[in-house]
Number of protein chains: 2
Amino acid sequence: MKKITIGEASRQSGVKVPTIRYYEGIGLLSAPSRSEGNQRSYEPADISRLVFIRHARELGFEVDAIRTLLVLQDDPNQSCASADAIAKARLIDVEQRIRSLMALKVELEAMVAGCGHGRVDQCRVIEVLADHGQCAHNHH
Amino acid sequence: MKKITIGEASRQSGVKVPTIRYYEGIGLLSAPSRSEGNQRSYEPADISRLVFIRHARELGFEVDAIRTLLVLQDDPNQSCASADAIAKARLIDVEQRIRSLMALKVELEAMVAGCGHGRVDQCRVIEVLADHGQCAHNHH
DNA sequence: CTACATCCTCTAGCGACTAGAGGTGCAAGG
DNA sequence: CCTTGCACCTCTAGTCGCTAGAGGATGTAG
């Protein structure tokens, strides 16, 4: 079994070196064995775990949610109700964010379109920001 | 001219009290005059500025960008090219985020739909996360 | 005059990293 | 064998945009 250095693990998983050490620190990744010179030595399973974590992070899952998902992954006999719940919650969140961003896009487009590249006092960018009543973006 | 307390300013602007003090600390908002008892006393113009800041933050502008926008707002004779550039950059960013989130939504929907509420080893949520090759979500 | 809300300053914490200092390990070339 | 130079180690502190809490002063209503 060839030893995988942290740099190699980083290249293979797409997770940056300091981030791997950080994940170890917060207990997302168990501490690997060390070489004689105290250097971390990973195994293929660790790479899979890192890929799993990276992918979950890219999907916007929080570290705490990933912790739960990892526990589920380690025990395949469990019910996947928790995993399902986490994914569903995340889906609702994503849908909400898409809605906000779409509304926001409309506003930004109006701002940019309304800017005649003249002076600031004719610029809709500033105007829209200053006058909240003009836009559809309401709160509480 | 009646004095506006920080609490009143907060209510009128929709910016929380500690956040107002924070904005003063980082120089987004100039320090207001104080009452005899050392309490901040705001004027209507400060409320407008706070509303401007809040709205810009809601649109996702970073504090540094807002700083620039505020400078522009204070000098209406300037060209609005900078404001336009900031808004355009923000628009591109928002469009990019919408695209990622849409891709993500598709993946999450597949995960949730594929989960038969059985055991973890049949669960697509875990599976999709573990096997990056299965999804359309590619990076660098 | 007393109760109580609101204000003050200050420091520390959040999430999820990222950057840098200061030192050690290791593989390859001369 | 020795040096070069990169990759590794630990540790602390910084990032962003706040938020929370301690511990104390002020302002207002009854």
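In the text below, chain A, chain B and the rest are named by the order of the sequence lines, each starting its count at 1. Keep in mind the model is a prediction, meaning the values are calculated, not measured. Note that these values count all heavy atoms, side chains included, but never hydrogens, waters or copies made by symmetry.
- A salt bridge between Arg21(B) and Glu24(B) is absent, with no side-chain N of the basic residue lying under 4.0 Å from a carboxylate O of the acidic one.
- The side chain of Pro18(B) has dT19(D) as its nearest neighbour among dT19(D), dT18(C), dC7(C).
- Within a 6.0 Å radius of CD in Glu62(A), no more than 12 heavy atoms belonging to other residues, nucleotides or ligands are found.
- The phosphate of dC7(C) has neither OP1 nor OP2 within less than 4.0 Å of any side-chain N or O from Ser35(B).
- Rounded to whole Å, the distance from CZ on Phe61(B) to P on dG17(D) is 13 Å.
- We find that CD1 of Ile4(A) is positioned 16 Å from C1' of dA7(D), with the value rounded to whole Å.
- OP1 or OP2 of dC17(C) has at least one side-chain nitrogen or oxygen of Tyr23(A) nearer than 4.0 Å.
- Of all nucleotides listed (dC8(C), dA16(C), dT19(D)), dA16(C) comes nearest to the side chain of Arg57(A).
- If you take CD of Glu58(B) and C1' of dC18(D), they are 15 Å apart, rounded to a whole angstrom.
- Taking atom CD on Glu36(B) and atom P on dA25(D), their separation rounds to 18 Å, with Å as the unit.
- A donor-acceptor pair under 3.5 Å is absent between the side-chain atoms of Arg49(A) and the main chain of Leu29(A), judged by distance alone.
- Taking atom CD of residue Glu8(B) and atom C1' of nucleotide dC7(C), one finds them 14 Å apart after rounding to whole Å.
- Taking the nucleotide of DNA chain D with the nearest heavy atom to each of Ile6(A) and Glu62(B), the more 5' of the two is matched to Ile6(A).
- Across the protein-nucleic acid pair, Ile26(A) atom CD1 and dT18(C) atom P stand 12 Å apart, rounded to whole Å.
- Residue Thr19(A) places at least one side-chain N or O under 4.0 Å from the OP1 or OP2 atom of dT18(C).
- In this structure, of dC8(D), dC7(C), dG17(D), it is dC8(D) that holds the atom nearest to the side chain of Gln39(A).
- Between Arg40(A) atom CZ and dT10(D) atom P the separation is 4 Å, expressed in whole Å.
- Separating the CG atom of Asn38(B) from the P atom of dG24(D) is a distance of 17 Å, rounded to the nearest angstrom.
- Tracing side-chain contacts under 4.5 Å through hydrophobic residues (I, L, V, M, F, W, Y), one never reaches Met102(B) starting from Ile92(B); they form parts of separate clusters.
- Closest contact between the side chain of Tyr22(B) and the listed nucleotides dC7(C), dC17(C), dC18(D) involves dC18(D).
- Between Lys16(B) and dC18(D) there is no side-chain polar atom (N or O) within less than 4.0 angstrom of OP1 or OP2.
- Taking the charged nitrogens against the carboxylate oxygens, Glu95(B) and Arg99(B) have no contact shorter than 4.0 Å, which rules out a salt bridge.
- Checking the phosphate oxygens (OP1, OP2) of dT9(C), no side-chain nitrogen or oxygen of Arg21(B) falls inside 4.0 Å.
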